[in-house]
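So the structure is just underneath, and the comments pick up after that.
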Amino acid sequence: MLSGRRLDLLDPTPVDIEIEDIAHGLSFVARWNGQTVGDFAYSVAEHSLLVERLFDRMNPRAPAKWRLAALLHDAPEYVIGDMISPVKAAVGPGYDELDKRLVAAIHIRFGLPASLPPAVKKQIKKADKISAWMEAIEIAGFSTAEADRFFGKPDPEVIGDLAIELRPPTLVRADYTARHHALIAEIG
């Protein structure tokens with residue numbers, strides 16, 4: 001990693017994980033395999049910032065630790081990349097096991113339980129689907145009907161004034177790191 005840490009993908013440990021490495025990696029990993037409009041790829045880091053905002057809107061009384069979990073929901077992709085669901089399924093159970101080990105190490109590193117409570121995980125997944133719906137329509141060329149079919153029609157009040165942003169990776173990396181630090185400070 002750029003921090004100098006050596007992360008063993010088969011046996012990741014919390015002490016080898018740094019938020020700067022996660023933020024850097026995710027800000028350069030493109031969602032939708034880069035098949036989006038705009039001058040910059042829509043990064044997993046930008047997506048994660050949006051998912052955290054959506055999660056917060058849907059769960060305004062959620063403690064900061066669950067908002068942090070929402071921000072980190074795709075954190076393993078800083079080393080394994082973003083694969084679309086059909087590819088994950090084709091890779092098989094080995095991908096899922098690798099992802100689970102990385103998630104556990106990342107969560108423990110930042111004071112979260114290795115495995116999230118099912119209710120929290122469900123709410124993060126709901127925010128993730130709303131983000132995917134927004135991305136599909138705004139930058140991936142889907143019609144509203146197609147996005148509704150694949151991701152479900154979101155509550156317009158949850159989306160509100162939010163919009164997809166396409167920004168340089170360095171700006172996204174800084175915002176992701178800053179948001180992480182703010183949530184850690186709020187957790188105390």
Side-chain angles (χ1 to χ4, degrees), residues 1 3 5-27 29 31 43-135 150-152 154 158 173 175-188:
M1 301 295 126
S3 66
R5 299 283 188 188
R6 299 290 181 241
L7 182 66
D8 181 348
L9 288 178
L10 300 177
D11 187 24
T13 62
V15 297
D16 291 325
I17 295 168
E18 298 293 340
I19 194 59
E20 291 78 12
D21 292 331
I22 293 171
H24 180 79
L26 293 183
S27 67
V29 173
R31 288 203 22 104
S43 73
V44 174
E46 193 78 72
H47 161 78
S48 297
L49 287 162
L50 178 58
V51 168
E52 190 266 328
R53 280 186 226 117
L54 290 164
F55 177 85
D56 184 42
R57 285 183 175 194
M58 295 178 340
N59 304 277
R61 293 191 182 112
K65 69 180 180 178
W66 300 142
R67 294 193 317 260
L68 176 62
L71 181 70
L72 295 170
H73 81 282
D74 279 340
E77 294 177 10
Y78 87 105
V79 289
I80 59 176
D82 182 34
M83 282 193 235
I84 57 175
S85 297
V87 174
K88 288 178 186 177
V91 171
Y95 178 87
D96 193 43
E97 282 304 311
L98 174 60
D99 186 67
K100 284 179 184 175
R101 284 194 298 273
L102 283 164
V103 165
I106 291 164
H107 282 182
I108 291 167
R109 168 65 175 92
F110 300 114
L112 298 170
S115 182
L116 297 177
V120 172
K121 197 170 185 175
K122 183 178 179 181
Q123 287 300 304
I124 293 171
K125 187 64 179 166
K126 187 174 179 181
D128 192 34
K129 281 189 141 194
I130 294 169
S131 176
W133 182 92
M134 293 174 66
E135 295 163 22
F150 285 109
F151 306 109
V158 172
R173 178 180 61 205
D175 284 353
Y176 187 96
T177 304
R179 185 65 186 141
H180 174 268
H181 291 322
L183 289 166
I184 290 291
E186 193 175 331
I187 292 168

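Throughout, residue positions are numbered sequentially from 1 according to the sequence presented.
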Any donor-acceptor N or O pair under 3.5 Å, side chains Ser3, Asp21: yes
Contacts table for residues 89-98: side-chain donor-acceptor under 3.5 angstrom, sequence neighbours left out:
{"from": "Asp96", "atom 1": "OD2", "to": "Lys100", "atom 2": "NZ", "distance (Å)": "3.4"}

Closest approach of Glu77 to Val29 (non-hydrogen atoms, all atoms of both residues): O-CG2, 3.8 Å
In residues 104-116, what donor-acceptor pairs under 3.5 Å come from side-chain atoms, sequence neighbours left out?
{"from": "His107", "atom 1": "ND1", "to": "Pro113", "atom 2": "O", "distance (Å)": "3.0"}
{"from": "His107", "atom 1": "ND1", "to": "Ala114", "atom 2": "O", "distance (Å)": "3.4"}
{"from": "Arg109", "atom 1": "NE", "to": "Ile17", "atom 2": "O", "distance (Å)": "2.8"}
{"from": "Arg109", "atom 1": "NH2", "to": "Glu18", "atom 2": "OE1", "distance (Å)": "3.4"}

Under the side-chain hydrogen bond (donor to acceptor under 3.5 Å, both in side chains) test, residues paired with Thr13 that sit two or more places apart: Asp16
Leu26 versus Tyr78, closest heavy-atom pair with distance: CD2-N, 3.4 Å
Closest heavy-atom pair and its distance - Pro117, Trp66: CD-CH2, 3.6 Å
Closest contact, heavy atoms only, Leu68 versus His180: CD1-CD2, 3.5 Å
Pairing residues for Phe151 by the ring-ring contact (aromatic ring centres under 6.0 Å, His included) criterion, not counting sequence neighbours: none
Beyond-backbone contact of Leu71 with Leu49, side-chain heavy atoms, under 4.5 angstrom: yes
Under the side-chain hydrogen bond (donor to acceptor under 3.5 Å, both in side chains) test, residues paired with Asp175 that sit two or more places apart: Arg167
Point-to-point distance, once rounded to the nearest 0.5 Å, from CD1 of Ile19 to CD1 of Ile184: 8.0 Å
Least distance between heavy atoms, Leu102 atom then Pro76 atom: CB-CB, 3.8 Å
Nearest-0.5 Å distance that lies between atom CD1 in Ile124 and atom OG in Ser131: 13.0 Å
Contacts of type side-chain hydrogen bond (donor to acceptor under 3.5 Å, both in side chains), residue Arg173, not counting sequence neighbours: His24
Heavy-atom side-chain contact between Met1 and Arg6 under 4.5 Å: no
Contact check, side chains of Leu183 and Lys65, non-hydrogen atoms, under 4.5 Å: no
Check: Phe55 main-chain N/O paired with Arg67 side-chain donor or acceptor under 3.5 Å: no
Spatial distance of atom OH (Tyr176) from atom CD (Glu20) [nearest 0.5 Å]: 11.5 Å
N/O donor-acceptor pair under 3.5 Å between Ser48 side chain and Val44 backbone: yes
Heavy-atom pair of closest approach, residues Ser27 and Ser43: O-CB, 3.4 Å
CD1 on Ile130 to CD on Glu135, rounded to 0.5 Å: 12.0 Å
His47-Asp82 side chain donor-acceptor pair, cut-off 3.5 Å: no
Pair Arg53 + Asp56: basic N to acidic O under 4.0 Å: no
Heavy-atom side-chain proximity of Leu54 to Asn59 below 4.5 angstrom: no
Stepwise side-chain contact (heavy atoms from CB on, under 4.5 Å) test for Val158 and Lys126: CA-CA 11 Å; Val158 172; Lys126 187 174 179 181; over 6 Å; no
Heavy-atom check, side chain of Asp128 versus side chain of His73, under 4.5 Å: yes
